[in-house]
**Student:** 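Quick one: the structure is below, and I'll ask about it shortly.
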Amino acid sequence: MSLEHSRPAITVVIPFHLLFAQFPVVCFTLTLLTDIAYWQTGFLMWQNFSEWLLLAGLVFGVIAAVVGAVEFLLRPARFEGRTVWPHAIGYVLILGLAFLNSLVHAGDGWTAVVPWGLILSAATVLLIVIIAALDGSLAHRHARAHRHPGSEIS
C-alpha cells in the first residue's frame, strides 16, 4: 500500500465575506502610502488618491461586514470553534478609524493629511496588522478520509 492512499484529503473552507474583506485592507494600506507621498511631495494628486482609496475601502468594508453578518446568522455552524467576536469588533474599529480618516481627508490642502490624516492612516494599518495577527485566518481545514477506488482493504 502506498502512502498516497493513507493521506487524508484537506478541504479548505473560506468564509464568503473574506472575498470582499481584502479590498479594504489594500485600500487602507495604499491610503497610508499615498499620504506619505503627499507629505513628502506636496502634490495634491496624492491627497485625491487617498480620498478615493478611503471611499473605496469603506464601501467594500461595509459590504464585507454585511455579508459576514448575514453569513454568521445563516450558517453559524461554519464558525464553530472560532472566536468571531474579536474579529468582528476589530473590523468595526478599523472601519471606524477609516471613516474618521475620511472626514479628516475631506478638509482642504496640507492640513487634511498632515499630521492627523497621516496618523489615522498609520493607526488604521497598524490595527489591521494587529487584528490579522490575533485573528489568524478564518480559513480552516477539515481532514477527512480520502479513498481512491479500488483501495479498500479487506
Side-chain angles (χ1 to χ4, degrees), residues 7-146:
R7 291 184 189 163
I10 302 295
T11 303
V12 177
V13 179
I14 300 174
F16 188 63
H17 76 278
L18 288 181
L19 296 174
F20 296 103
Q22 305 309 311
F23 290 100
V25 170
V26 171
C27 288
F28 299 150
T29 304
L30 288 175
T31 298
L32 175 61
L33 296 178
T34 56
D35 282 353
I36 291 170
Y38 180 69
W39 173 46
Q40 294 298 312
T41 65
F43 291 140
L44 193 58
M45 168 191 69
W46 294 115
Q47 180 190 3
N48 293 333
F49 285 167
S50 292
E51 291 172 0
W52 283 105
L53 286 165
L54 283 167
L55 176 65
L58 285 168
V59 168
F60 277 101
V62 168
I63 290 170
V66 169
V67 170
V70 168
E71 188 174 34
F72 179 72
L73 293 173
L74 294 178
R75 301 177 124 187
R78 194 176 230 192
F79 296 93
E80 284 180 6
R82 289 184 274 172
T83 54
V84 175
W85 293 113
H87 174 78
I89 292 168
Y91 202 74
V92 168
L93 288 174
I94 290 167
L95 289 178
L97 265 178
F99 180 73
L100 182 61
N101 196 8
S102 183
L103 294 177
V104 169
H105 274 79
D108 287 333
W110 184 258
T111 57
V113 176
V114 179
W116 293 109
L118 188 57
I119 291 169
L120 287 170
S121 293
T124 303
V125 172
L126 181 64
L127 188 57
I128 289 171
V129 170
I130 290 169
I131 296 300
L134 293 176
D135 186 40
S137 175
L138 282 182
H140 57 92
R141 297 171 186 250
H142 291 289
R144 61 185 160 104
H146 181 71

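What you are looking at is a predicted structure, and each value in this text was computed from that prediction instead of being measured.
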**Student:** Between atom OG of S121 and atom CG of L30, what is the distance when rounded to the nearest 0.5 Å?
**Tutor:**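 Between atom OG of S121 and atom CG of L30 there are 11.0 Å.
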**Student:** Can you tell me how far CG of N101 sits from CD1 of I94, rounded to the nearest 0.5 angstrom?
**Tutor:**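 The CG atom of N101 is 13.0 Å from CD1 of I94, to the nearest 0.5 Å.
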**Student:** Rounded to the nearest 0.5 Å, how far does CG of N48 lie from OG1 of T34?
**Tutor:**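 Answer for the OG1-CG pair, T34 versus N48, is 10.0 Å.
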**Student:** What pair of heavy atoms forms the shortest contact from A64 to A21, and how long is it?
**Tutor:**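 Smallest interatomic distance, heavy atoms only, reads CB-N, 3.8 Å.
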**Student:** Sub-3.5 Å donor-acceptor pair from the side chain of Y38 to the main-chain atoms of W110, do we have one?
**Tutor:**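 Confirmed, Y38 side chain pairs with W110 backbone.
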**Student:** Once you round to the nearest 0.5 Å, how far does CG of L95 lie from OG1 of T124?
**Tutor:**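 Reported value, rounded in 0.5 Å steps: 9.5 Å.
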**Student:** What is the minimum heavy-atom distance between C27 and L53, and which atoms define it?
**Tutor:**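 Result for this residue pair: CB-O, 3.4 Å.
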**Student:** Quick one: CG on L120 to OG1 on T31, what's the gap to the nearest 0.5 Å?
**Tutor:**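 If we round to the nearest 0.5 Å, L120:CG and T31:OG1 are 11.5 Å apart.
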**Student:** Hey, would you say the W52 and F49 ring centroids sit under 6.0 Å apart?
**Tutor:**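 They do not qualify: ring centres at least 6.0 Å apart.
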**Student:** Considering all heavy atoms of both residues, which atom of F28 and which atom of V125 are nearest to each other, and what is their separation?
**Tutor:**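 Residues F28 and V125, closest heavy atoms: O-CG2, 3.6 Å.
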**Student:** Would you check if F99 and L58 make a side-chain contact, meaning some heavy-atom pair closer than 4.5 Å?
**Tutor:**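 The answer is yes; the side chains approach within 4.5 Å.
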**Student:** Could you grab the distance from atom CG of L97 to atom CD1 of I119, nearest 0.5 Å is fine?
**Tutor:**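 Going from the CG atom of L97 to the CD1 atom of I119 covers 12.0 Å.
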**Student:** Taking atom types as modelled and ignoring hydrogens, do the side chains of E71 and H17 form a donor-acceptor contact shorter than 3.5 angstrom?
**Tutor:**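 The criterion, which ignores hydrogens and geometry beyond distance, is satisfied for H17 and E71.
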**Student:** Under the 3.5 angstrom rule, does the side chain of Q22 hit a backbone N or O of L18 as a donor-acceptor pair?
**Tutor:**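 Yes.
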